[in-house]
Amino acid sequence: MAGPVIAVIGAGFSGTLVTLHLLRRCPPGTRVVLLERNRRFACGQAYATDNANHLLNVPAARMSAFRDRPDDFLQWLRGREGEDAPGPQSFVSRGLYGDYIRHLLNAELGRGGGALALERADVLALDPQDGELRLTLDRGRCLRASMAILAVGNFPPEPPPGLDAASRAAPWYRADPWAADALAGLDPDAPVLLVGTGLTTVDLVVSLLDAGHRGPIHALSRRGLLPRIHVPGAPASPPSTSLPTDLLALLRLVRREAARRAQEGLPWQPLVDSLRPFTQDLWQTLPAAEKARFLRHLRPWWDVHRHRMAGPVAARIAAARASGQLSIHAGRIRATEEAADGSVTLAFRRRSDGATQALAAARVINCAGPGCDYDRISDPLVRHLLATGLGRPDPFRLGLDVTPANALRGRDGAMSRQVFAVGPVTKGAFWEMTAVPDIRRQCETLAEHLAGLIGALPVAIPAPA
Ligand SMILES: Cc1cc2nc3c(=O)[nH]c(=O)nc-3n(C[C@H](O)[C@H](O)[C@H](O)COP(=O)(O)OP(=O)(O)OC[C@H]3O[C@@H](n4cnc5c(N)ncnc54)[C@H](O)[C@@H]3O)c2cc1C
């Protein structure tokens with residue numbers, strides 16, 4: 001069988017969704033090969049959790065995989081759970097959402113037709129060769145494709161500043177909060193230190209509480225900011241009919257509006273949500289220096305107001321703090337000292353008064369959020385892309401450098417006509433490319449764009465071996 005082949009690398013939410021859209025839009029004869037290194041397709045890191053208390057941080061009503069069928073997820077829930085199905089404003093478990101995405105992929109496979117192939121493979125390299133792309137896979141395999149989409153998603157966090165190489169190799173340290181050994185073998189009465197105070201930390205606290213952990217839990221970040229709580233309700237109207245593209249002016253406008261709402265007894269959350277449809281445009285119009293200022297000064301505040309905790313999760317975090325089991329600290333790690341029993345004492349400089357405070361822990365887990373500086377990611381495919389110059393990090397170290405049409409930019413800045421990217425790896429170009437509502441739109445747009453390009457391809461490529 002001859003025909004164009006599109007290789008989608010990574011079968012998390014982004015890779016799965018773009019695959020589904022490609023299959024709907026590409027001309028007959030096009031084959032899509034979805035490659036995933038893990039056993040489980042269609043869940044990725046976010047939706048692979050088996051813990052029923054790891055909740056989505058977006059209400060069910062906004063989690064349909066398809067923009068033109070906003071009720072798709074709710075209908076699937078109703079089909080599965082009947083009368084007891086969660087309502088539109090519920091925050092369902094992320095594992096359940098993974099089941100939904102897998103259901104969509106299985107339904108596509110069930111339709112048959114041979115246009116879709118799933119391949120369990122670790123893609124190690126991607127090279128242009130004779131007008132095609134050659135993907136080097138593990139176990140000595142390879143795949144030829146006309147185009148490739150990088151949907152490689154989130155990587156483990158970067159090492160926390162202040163922890164030296166010896167500490168990072170110590171038995172009490174865990175570099176990856178999602179790895180199976182992150183909490184394994186932990187004494188339930190021992191103190192634990194989580195580095196970071198964002199949503200990853202929140203997940204780990206929930207996991208610890210669910211596992212019956214009784215010991216103290218410390219969480220430390222530079223500012224000690226915890227994600228805020230969701231409130232029910234639709235987004236408000238934007239604060240003005242024309243939003244300023246100057247960062248400071250926008251910040252002042254939002255603050256003024258939030259204060260006005262507070263006076264009227266209204267929550268600020270719908271105001272932040274009202275900015276979402278405009279965030280990508282705002283990011284793209286900001287000059288580079290303003291973007292850098294945003295990332296330096298405002299990002300931590302934006303993150304905690306924009307990416308919030310579901311109510312039930314926030315209630316557990318508040319209860320753990322009130323009982324004294326969970327303590328949040330703000331400061332910078334200064335030094336570590338290992339004790340004879342294998343535990344560690346970590347000294348940090350308190351943000352509030354500059355004093356040094358010591359925390360004892362049996363385990364230190366890095367919960368600093370996904371690593372996105374591609375110069376520091378050790379993944380073989382990433383290293384290969386950068387070494388060959390096929391890709392380059394974006395200037396703000398948020399992911400890979402892509403054009404507004406999601407085409408990869410090479411080391412020389414030139415735009416690839418064959419390699420594209422979707423999902424959080426494209427944050428440098430769009431900023432707001434983390435949550436499902438943004439990614440689903442991006443996947444749809446890219447699939448439409450590639451379907452158009454496929455028609456213009458010069459040669460038919462043989463089907464993969
Ligand atoms: C813990 C967590 C919770 C989240 N919760 C929510 C939420 O509640 N609501 C929401 O809207 N968003 C949430 N998000 C945002 C989330 O980033 C996106 O929704 C989305 O899941 C990102 O999907 P992705 O496919 O781009 O990345 P990932 O889910 O990281 O998937 C990437 C996939 O690519 C595979 N892969 C990578 N490299 C290779 C390679 N070389 N070869 C083969 N396979 C490869 C990986 O194994 C992985 O399966 C959450 C994110 C995280 C991390």
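In listed order, ligands and their atoms are each counted from 1. What's counted below: heavy atoms across the whole structure, side chains too, no hydrogens, waters or symmetry copies.
Only the side chain of Y47 comes within 4.0 Å of ligand 1, counting heavy atoms alone; its backbone N, CA, C and O stay farther away. Heavy atoms of P380 found under 4.0 angstrom from ligand 1: none, in either backbone or side chain. In A151, the part holding a heavy atom less than 4.0 Å from any atom of ligand 1 is the backbone. When heavy-atom distances to ligand 1 are checked against a 4.0 Å cut-off, R94 comes that close only through its side chain, counted from C-beta outward. Neither the backbone nor the side chain of T16 has a heavy atom within less than 4.0 Å of ligand 1.
A salt bridge does not link D303 to R306: none of the charged nitrogens lies less than 4.0 Å from a carboxylate oxygen. In summary, R139 and D122 do not engage in a salt bridge, as defined by a charged side-chain N under 4.0 Å from a carboxylate O.
For the pair N38 and ligand 1, the shortest N or O to N or O distance falls below 3.5 Å. At under 3.5 Å, a nitrogen or oxygen of V436, whether backbone or side chain, sits near a nitrogen or oxygen of ligand 1. Looking at ligand 1, you'll find an N or O of V123 within less than 3.5 Å of one of its N or O atoms.
Between H307 and W302, the distance from one ring center to the other does not fall under 6.0 angstrom.
Below 4.0 Å from some heavy atom of A121 lie the following atoms of ligand 1, by number and element: 42 (N), 43 (C). Using a 4.0 Å cut-off to heavy atoms of L381, the atoms of ligand 1 that qualify are 41 (N). Residue contact check: D122 has heavy atoms under 4.0 Å from atoms 40 (C), 41 (N), 42 (N) of ligand 1. Near G44, meaning under 4.0 Å from any of its heavy atoms, are these atoms of ligand 1: 29 (O), 31 (O), 49 (O). Each of the following atoms of ligand 1 lies closer than 4.0 Å to a heavy atom of Q45: 29 (O), 53 (C). Within ligand 1, counting atoms from 1 as listed, the ones closer than 4.0 Å to a heavy atom of S14 are 23 (O), 24 (P), 25 (O), 26 (O). Against a heavy-atom cut-off of under 4.0 Å, G12 is close to the following atoms of ligand 1: 25 (O), 31 (O), 33 (C). Near F13, meaning under 4.0 Å from one of its heavy atoms, ligand 1 places the atoms 20 (C), 21 (O), 23 (O), 25 (O).
Under the 30°/60° scheme for interplanar angles, the aromatic rings of W76 and F73 are found to lie parallel. Between F294 and W431, the ring-plane angle classifies as perpendicular under the 30° and 60° cut-offs.
Residue-ligand proximity: W178 is placed with a non-hydrogen atom under 4.0 Å from ligand 1.
Inspection of the N51 and D210 side chains reveals an N or O donor paired with an N or O acceptor under 3.5 Å. Remark: the T426 side chain and the Q442 side chain contain an N/O donor-acceptor pair separated by less than 3.5 Å. Defined by atom type and a distance below 3.5 Å, a donor-acceptor pair is missing between the side-chain atoms of H449 and N406.
Nearest protein heavy-atom contact of atom 37 (C) of ligand 1 is V152 O, 3.5 Å. Scanning the protein for heavy atoms near atom 34 (O) of ligand 1, the closest one is G10 CA, 3.1 Å. Protein heavy atom at the shortest distance from atom 40 (C) of ligand 1 is R37 NH2, 3.5 Å. Counting protein heavy atoms only, atom 18 (C) of ligand 1 is closest to T434 O, 3.0 Å. Scanning the protein heavy atoms around atom 27 (O) of ligand 1, the nearest turns out to be G153 CA, 3.1 Å. Here the protein heavy atom with the shortest distance to atom 51 (C) of ligand 1 is A46 CB, 3.5 Å.
A cation-pi contact, defined as under 6.0 Å to the ring centre and within 45° of the axis, is absent between R94 and Y97.
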_Worked check of side chain to side chain donor-acceptor pair (under 3.5 Å) between S207 and H54_ = CA-CA 8 Å; S207 296; H54 284 168; 2.9 Å; yes
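Looking at H307, E36, R39, it is E36 that brings a heavy atom closest to atom 35 (C) of ligand 1. The heavy atom nearest to atom 7 (C) of ligand 1, out of those in D203, V8, N57, is found in N57. The residue among L34, V18, N154 with a heavy atom at the shortest distance from atom 30 (O) of ligand 1 is N154.
Counting only distance, with no hydrogens or angles, the side chain of E158 and the backbone of D373 share a donor-acceptor pair below 3.5 Å. Using modelled atom types, no side-chain atom of Q269 and backbone atom of H305 make a donor-acceptor pair closer than 3.5 Å.
Side-chain contact between F420 and L408: absent, with no pair of heavy atoms (C-beta onward) separated by less than 4.5 Å.
The two residues C26 and I6 have their closest heavy-atom pair at SG-CD1, 4.0 Å.
Screening R25, R441, R67 against E448 for a salt bridge (Lys or Arg N to Asp or Glu O under 4.0 Å) leaves a single residue, R25.
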